[in-house]
Amino acid sequence: MKPEQAERFFIEELFNKTQDKDILKNEKLEEIDKLTGDASTRRYYRIFTDKKSYVVCLDNPFEGEMEKHPFLSVQQFLGTNKVRVPEILDHNLSRGYSLQEDLGNVTLLTHLSDMTSTEKEYTVYKTIVDQLLELHRIPVSTVKNPNLFQLKFDYQKYMDETRFTFKYFLNFFNKIEDENLIQDLEKLFDPIMKRLAAQKMVITHRDFHSRNIMVKDNNYVFIDFQDARWGIPQYDLVSLLEDCYYDLKQSNREALKRYYYDNLDPAIHGQKSYEEFLALYDDMTIQRVFKAVGSFCYIYNWRKDDRYLKYIGFAMEKIRRVMMDNPRYADLKQKLYQHYYAN
């Protein structure tokens, strides 16, 4: 039996057990369609009953309580704190199965393809930024209480991600094997990581971009949040506004940065001025986008999935523009791009 066929039988079996729990009891399963996967190893299927549709996620089996499951526990926490996430109708952790609300096929990225004006684009993003502000306003004490979020973006994490990109972008993808270059780049990235790691933190989504926001009934729903961890507020804001998949209008980007800053209590972000906030935003853009480049190359090198390669050039030019005319980044820019453009 082929793996996909086996998974279909598995889904039917688990769905029948869902009905045994009096969940969706009066609905008849009619069809199971496999969905295109994301950058993870999870598999998704849309199931149709005679009344409605749902989405099944198949993941690695998990032995433990729901309170410790990386997806279900965070979903419950975010939902309780009024962050719009998909509803979980049923699950079987030990078999890697969850039955979720069907959010449809329209991601924010797809939705943006219909934008016909700068004003409309701004309105859409402002609504999402308002929701992001709600996430970042969750009090530190509330986040700590469930004891869910043990991981954070500290200096070591930032540097590990940068080394990850050295390996998969420079070594594997660009065939650069110059160890002296890698050591020089690490030294030049070091001050950026130290500045970022020294800031106050909030709970961050961790992968907050236009492919991880679904549009359903004119609402914006956050998905792929299972890796949420402590980080500076700029982490999610950069992920959204400096998205490698979509080139937001520059005037809107600047207005949204200001809007976010003006509407988040300074006690949360800890910066003394908007200029300081922007300087850290630039640091975060360099780190976050460079990490994304590494991820694109990793997916290609190890999964032979070339869908993300087209975003590498855009991402690298985004980083270059941030570094331009800023003496803090002059040496890093020269060292990185003289080799990038030469390959």
Side-chain angles (χ1 to χ4, degrees), residues 38-42 44 55 57 59-60 62 64-88 91 93 96 98 100-101 103 107-108 128-158 160-161 164 196-197 199-214 219-245 260 264 268-270 280-281 284-285 287-289 291-292 294-295:
D38 55 15
S40 75
T41 57
R42 293 180 294 273
Y44 295 91
V55 166
C57 175
D59 202 352
N60 296 324
F62 178 82
E65 301 175 355
M66 176 178 173
E67 290 74 16
K68 297 180 180 179
H69 189 278
F71 181 83
L72 297 175
S73 59
V74 177
Q75 183 272 343
Q76 186 176 59
F77 175 83
L78 295 178
T80 300
N81 285 279
K82 301 180 180 179
V83 177
R84 180 67 170 95
V85 292
E87 182 183 359
I88 307 299
H91 56 82
L93 301 183
S98 65
Q100 305 177 16
E101 167 190 7
L103 299 174
T107 63
L108 172 61
I128 296 168
V129 168
D130 282 333
Q131 292 178 234
L132 184 61
L133 284 163
E134 290 302 313
L135 172 63
H136 291 169
R137 288 179 183 135
I138 299 175
V140 169
S141 58
T142 300
V143 178
K144 286 183 175 179
N145 281 339
N147 206 31
L148 285 177
F149 307 102
Q150 301 298 311
L151 300 177
K152 63 182 179 179
F153 283 106
D154 54 15
Y155 172 84
Q156 190 61 51
K157 177 62 175 174
Y158 286 132
D160 285 347
E161 290 192 341
F164 175 90
L196 293 172
Q199 308 307 310
K200 296 185 71 171
M201 296 185 183
V202 298
I203 192 62
T204 63
H205 178 287
R206 203 268 189 213
D207 205 14
F208 195 66
H209 55 70
S210 59
R211 289 178 179 267
N212 283 339
I213 301 171
M214 303 300 296
N219 292 313
Y220 301 98
V221 188
F222 302 169
I223 63 171
D224 207 14
F225 44 73
Q226 63 278 351
D227 293 323
R229 65 180 64 207
W230 296 98
I232 68 171
Q234 286 95 331
Y235 192 96
D236 282 341
L237 189 65
V238 163
S239 297
L240 178 67
L241 303 186
E242 305 296 343
D243 191 345
C244 293
Y245 305 121
Y260 176 91
L264 189 66
I268 296 176
H269 59 68
L280 287 163
Y281 181 97
M284 193 74 262
T285 299
Q287 193 281 334
R288 178 71 182 91
V289 176
K291 162 58 171 62
S295 296

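One-based numbering along the sequence shown.
Rounded to the nearest 0.5 Å, atoms CD1 (I213) and CG (D224) are 11.5 Å apart. Between atom CG of residue L78 and atom CD1 of residue I203 there is a gap of 8.0 Å, rounded to the nearest 0.5 Å. For the atom pair CG of L196 and CE of M201, the computed distance is 9.5 Å after rounding to the nearest 0.5 Å. Put simply, OG1 on T285 and CG on L280 are 10.5 Å apart, with the number rounded to the nearest 0.5 Å. Note that SG of C244 is 11.0 Å distant from CZ of R211, once rounded to the nearest 0.5 Å. M214 CE to N219 CG: the interatomic distance, rounded to the nearest 0.5 Å, is 13.0 Å.
Shown are D227, D59, I88; of these, the side-chain contact (heavy atoms from CB on, under 4.5 Å) with F71 is made only by I88.
At least one donor-acceptor pair under 3.5 Å links the side chain of Q75 to the backbone N or O of P86. Using a distance-only test at 3.5 Å, with no hydrogens or angles considered, a donor-acceptor pair links the side chain of N212 to the main chain of D207. Remark: the backbone N or O of F208 is not paired with any side-chain donor or acceptor of D236 at under 3.5 angstrom. Without hydrogens or angle criteria, E134 side chain to K82 main chain gives no donor-acceptor distance under 3.5 Å.
Side-chain atoms of R137 and L264, non-hydrogen and from C-beta on, do get closer than 4.5 Å to each other. Contact of the Y158 side chain with the M284 side chain is registered, since non-hydrogen atoms from C-beta on lie closer than 4.5 Å. Contact check for R229 versus K157: side-chain heavy atoms found under the 4.5 Å cut-off. Under the 4.5 Å side-chain criterion, counting only non-hydrogen atoms from C-beta, R42 is in contact with Q226. In this structure the side chain of D243 reaches within 4.5 angstrom of the side chain of H209, judged on heavy atoms.
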For a side-chain contact (heavy atoms from CB on, under 4.5 Å) check, start with the C-alpha distance between V55 and L103, then their side-chain angles and the critical distance, and finish with the verdict. CA-CA 8 Å; V55 166; L103 299 174; over 6 Å; no
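Ionic pairing of K291 and E242 is not present here: no N-O contact between side-chain nitrogen and carboxylate oxygen is shorter than 4.0 angstrom.
Between Q100 and S98 the shortest heavy-atom distance is NE2-OG, 3.1 Å. Here the shortest heavy-atom pairing between V85 and G79 reads CG2-N, 4.0 Å. Between V202 and I232 the shortest heavy-atom distance is CG2-C, 4.4 Å. Heavy-atom minimum distance, S210 versus T107: O-CB, 3.6 Å. Taking both residues in full, the closest heavy atoms of L108 and L240 are given as CD2-CD1, 4.4 Å, listed atom of the first, atom of the second, then distance. Pairing each heavy atom of A228 with each of V74, the nearest pair is CB-CG1, 4.2 Å.
Under the 6.0 Å cut-off for aromatic ring centres, F77 and F149 qualify, their centroids lying closer than that.
Ring geometry for F153 against Y235 counts as parallel: the plane angle stays under 30°, on a 0 to 90° scale with 60° as the upper cut.
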